[in-house]
2 protein chains.
Amino acid sequence: MSSGTEIQGGGRALTPQREVVLRVVRESAEHLTAAEIYAAARRIRPSLSYATVYNSLRYLKEAGLVREITFGNGASRYDRETARHDHALCTRCGALLDFDLAETAALMRLAARRSRFKPESIHLTLMGVCPACSAAEQRRTRRKGAR
Amino acid sequence: MSSGTEIQGGGRALTPQREVVLRVVRESAEHLTAAEIYAAARRIRPSLSYATVYNSLRYLKEAGLVREITFGNGASRYDRETARHDHALCTRCGALLDFDLAETAALMRLAARRSRFKPESIHLTLMGVCPACSAAEQRRTRRKGAR
DNA sequence: GTTACTGCAAAGTCTTTGCATGCGG
DNA sequence: CCGCATGCAAAGACTTTGCAGTAAC
């Protein structure tokens, strides 16, 4: 092998457009939505179309270079981290945090046995209140409590 | 308390429409989509509108009488089982199975500590191949293998 | 020359919303 | 009467697709 970001198959692999999309996802610490990726990518390559962003994301996803995360019915977000990991989602502000529990991976076998499914992957999501929102709420409560 | 399915608040609680929607969700062993619920509910009450189905589902969800499940960017499905439980989703046919691992609940505390989120709920989903699809694939492979 | 990606616009899927109507308290 | 839910249609958010043009192999 050669570059580490090479894919085979009939296609043209990493076209300039796909590289821009990949770069945007990789250079962001956040988990961007397609719309955000589109905006950022257009700053680099103004001719880029929405369709190409979606096509590129689908391609990159299938090539294992990015990961798609979906919650609720909102927009998908895209994650540069493709290794298995868990997520915490703030029910107040929507903040999304990556973390990893070794125990989750262990649960996959248990879950497979219980469900009789042939396991492929396992996803754990904690819904809760992030530290920032938690602090903000305590401040509010304290103020209210003083009335 | 009285009937067990009573909610307070300004509103009119369980209107006939909401009861039909609830009944459809409760009487199905499957995890129906809004469209399926709409179709089934209309058979009982033909005047029901799509908007009312969605409004009712939102209401029932907030009242804790049904649970919404979302995967990917497809349609939400609705679950009569509101207690915490895990899901297995077939990547071939989309079949959705409920099961419950006590270990998942235990993971919530670990996840909360790691993420520093105030925990509210935890969701575990196993992606894999359901028994039916698994069997179908083995049949196909065996045939192919014999060529 | 064939294959496949791009870019545009249009269509598609799922969900929510504005508004007039009408029932229930 | 007033408030809220209903029902209709229209709009909204997000994603996919059809098609012509073009670049890669």
Side-chain angles (χ1 to χ4, degrees), chain A residues 5-25 31-63 65-78 94 96, chain B residues 5-25 31-63 65-78 94 96:
Chain A
T5 44
E6 233 161 68
I7 314 111
Q8 68 273 41
R12 269 201 266 150
L14 273 185
T15 62
Q17 288 85 347
R18 290 171 179 176
E19 275 193 320
V20 169
V21 171
L22 179 57
R23 190 178 134 199
V24 166
V25 174
H31 300 82
L32 303 175
T33 63
E36 290 162 344
I37 293 168
Y38 172 72
R42 263 184 95 91
R43 265 175 249 128
I44 303 173
R45 185 176 244 268
S47 68
L48 205 70
S49 74
Y50 234 111
T52 298
V53 169
Y54 274 106
N55 285 336
S56 299
L57 285 171
R58 176 156 32 88
Y59 175 86
L60 294 169
K61 198 168 52 177
E62 280 165 12
L65 297 173
V66 305
R67 170 184 283 242
E68 182 179 10
I69 317 168
T70 57
F71 293 113
N73 294 310
S76 291
R77 309 208 217 169
Y78 293 87
L96 181 58
Chain B
T5 44
E6 233 159 69
I7 315 111
Q8 68 271 44
R12 269 200 267 150
L14 273 186
T15 63
Q17 289 83 350
R18 291 171 179 174
E19 276 195 319
V20 169
V21 170
L22 178 58
R23 188 179 134 199
V24 166
V25 174
H31 299 83
L32 303 176
T33 63
E36 291 164 343
I37 293 169
Y38 173 71
R42 262 183 96 92
R43 264 176 250 128
I44 302 173
R45 185 176 245 269
S47 68
L48 204 69
S49 75
Y50 234 111
T52 298
V53 169
Y54 273 107
N55 285 336
S56 299
L57 286 171
R58 173 155 33 87
Y59 175 87
L60 295 169
K61 199 169 52 180
E62 281 165 13
L65 297 173
V66 305
R67 170 184 282 242
E68 182 179 11
I69 316 169
T70 57
F71 293 114
N73 293 310
S76 291
R77 308 208 216 169
Y78 293 86
L96 182 58

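The model shown is predicted, which means the values in this text are computed figures rather than measured ones. Proteins get letters first, then strands, A, B, ... in listed order; numbering begins at 1 in each.
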Quickly work out the E62(B) CD to dT16(C) P distance and round it to whole Å.
11 Å
Let me know the distance between CG of L32(B) and P of dT15(C), rounded to the nearest Å.
13 Å
Hey, which sits more toward the 5' end of DNA chain D by its nearest nucleotide, R42(B) or N73(B)?
R42(B)
Does any non-hydrogen side-chain atom of V21(B) lie less than 4.5 Å from one of L48(B)?
yes
Of Y50(A) and R58(B), the one whose nearest nucleotide on DNA chain C sits closer to the 5' end is Y50(A)
Can you check whether L22(A) reaches V66(A) side chain to side chain, under 4.5 Å on heavy atoms?
yes
State which of dT15(D), dG7(C), dT15(C) makes the closest approach to the side chain of A75(A).
dT15(D)
Heavy atoms under 4.0 Å, any strand shown: does A51(A) hit a base, just sugar-phosphate, or nothing?
base
Answer whether the closest heavy-atom distance between the side chains of T15(A) and Y59(A) falls below 4.5 Å.
no
Atom CD of E36(A) and atom P of dT15(D) are separated, to the nearest Å, by 11 Å
I want to verify a distance call: between dG7(D), dT6(D), dT15(C), whose nearest atom is closest to the R18(B) side chain?
dT6(D)
May I have the distance from R77(B) (atom CZ) to dT13(C) (atom C1'), rounded to whole angstrom?
15 Å
If you look at every strand shown and take non-hydrogen atoms under 4.0 Å, does T33(A) touch a base, only sugar-phosphate, or nothing?
nothing
Student check: side-chain heavy atoms of V20(A) and Q17(A) closer than 4.5 Å
no
Grab the OH-C1' distance between Y38(A) and dT15(D) for me, whole Å please.
14 Å
Here the distance between atom C1' of dG7(C) and atom CG of L57(A), to the nearest Å, is 16 Å
If I take atom CD1 in residue I37(A) and atom C1' in nucleotide dT15(D), what distance separates them, rounded to the nearest angstrom?
13 Å
Heavy-atom check, side chain of I37(A) versus side chain of L57(A), under 4.5 Å:
yes
Listed nucleotide nearest any side-chain atom of T15(B), set dG7(C), dT6(D), dT15(D)
dT6(D)
In whole Å, what is the span from the OH atom of Y54(A) to the P atom of dA13(D)?
13 Å
Sugar-phosphate, base or nothing in reach of T52(A), heavy atoms under 4.0 Å:
base
